[in-house]
Amino acid sequence: MTLPDVNELYGTDERCRELLERLRWPNGIECPRCKDTHISKLKAYARYECAACEYQFTATSGTIFHDSHLPLTKWFLAVLLLVEARKGMSANQLRRMLWGQHKGSYKTAWYLFHRIRAAMKEADRKMLDGTVEIDETWVGGRKKGLKPGEGKRQKEIVIGIRQRGGDVRFFHAQDVQSDTLYKFIHDNVSEDVIVTDDFSAYPGAMGASFKDKHKSINHSSGVYVVGDVHTNTVESAFSLLKRGIIGTWHKISAKHLPAYLNEMQFRFNRRKRADLFVDTLRHMVTADPLTFERLTA
Ligand SMILES: [Zn+2]
């Protein structure tokens with residue numbers, strides 16, 4: 001999907017709405033409240049009414065688009081810009097591209113991107129299997145007033161788990177203790193081969209089920225690849241994440257880091273799919289709304 005495609009196919013509110021209706025109700029319109037399928041179309045534009053409970057609704061009621069005053073055509077462009085930006089896009093750049101150099105508000109653009117991000121979640125995720133690489137990294141800025149060398153502790157920890165030839169998952173972690181790593185591993189990996197570096201917390205994180213399936217590469221002695229024992233594929237996902245954080249978002253607060261991690265992994269795991277744009281919209285009409293109050297609480 002390109003910008004000219006979106007302009008041509010979804011250049012009017014009506015066309016955007018038609019797509020959202022099809023994505024939200026692939027088997028015919030049903031009432032969001034009571035699930036009844038006896039629905040009548042009202043005279044008012046794009047509104048429906050449920051015969052059973054009399055609830056009036058549109059394709060965007062109770063979704064990520066709920067209560068938005070932005071035209072759907074702008075929403076659609078914002079979705080395309082976000083899913084096609086491999087390293088992410090700042091809210092300021094979105095504001096300039098949709099409204100112009102000195103127009104629009106940063107807050108509107110920031111909230112718009114966060115609502116799209118909120119839909120970028122996997123409903124039911126399969127366990128990763130085959131050969132799975134795990135690594136940890138530190139992202140974000142250093143707080144003011146710290147001496148050199150204290151910086152690392154003020155950064156945020158991200159755990160990356162990637163199945164070779166498959167999906168990546170990023171997690172914001174509070175620490176890199178064995179117990180913490182144990183939980184991430186056991187929640188996401190089925191019993192197969194796990195490759196890590198020689199960081200001392202990993203052996204204790206394997207537990208009985210992975211003890212004999214764990215291979216580690218001796219990074220501290222400068223060794224990075226021995227046959228198929230390496231963590232290069234999870235590190236390549238990390239490098240994209242870091243370029244996004246350094247180049248695009250500059251400084252992310254710890255509070256919003258999980259939302260950016262969701263965005264990065266959602267886009268990364270779908271990077272070869274032709275339906276990335278439409279799939280994101282599908283998530284947006286099936287996810288719960290994100291109010292500004294909840295986002296900034
Ligand atoms: Zn109803």
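Counting starts at 1 for both ligands and their atoms, following the listed order. Numbers for residues simply follow the sequence, beginning at 1. Worth saying up front: this structure is predicted, and the values here are computed from it rather than measured.
- Of the charged side-chain nitrogens involved, at least one lies within less than 4.0 Å of a carboxylate oxygen, so that E263 and R117 count as a salt-bridged pair.
- Salt bridge annotation for D13-R17: present, with a cationic side-chain nitrogen under 4.0 angstrom from a carboxylate oxygen.
- For H186 (side chain) and M206 (main-chain N/O), a donor-acceptor pair under 3.5 Å exists by modelled atom type.
- Applying the ring-ring contact (aromatic ring centres under 6.0 Å, His included) test to H172 and every residue at least two apart in sequence or in another chain returns nothing.
- Taking a cut-off of 2.8 Å, the protein N, O or S atoms nearer than that to the Zn ion (ligand 1) are C31 SG, C34 SG, C50 SG, C53 SG.
- The salt bridge (Lys or Arg N to Asp or Glu O under 4.0 Å) contacts involving residues 200-213 comprise E191-K213, where partners must be two or more places apart or lie in separate chains.
- Remark: R270 pairs with E122, D279 by the salt bridge (charged side-chain N to carboxylate O under 4.0 Å, His left out) rule, at least two apart or across chains.
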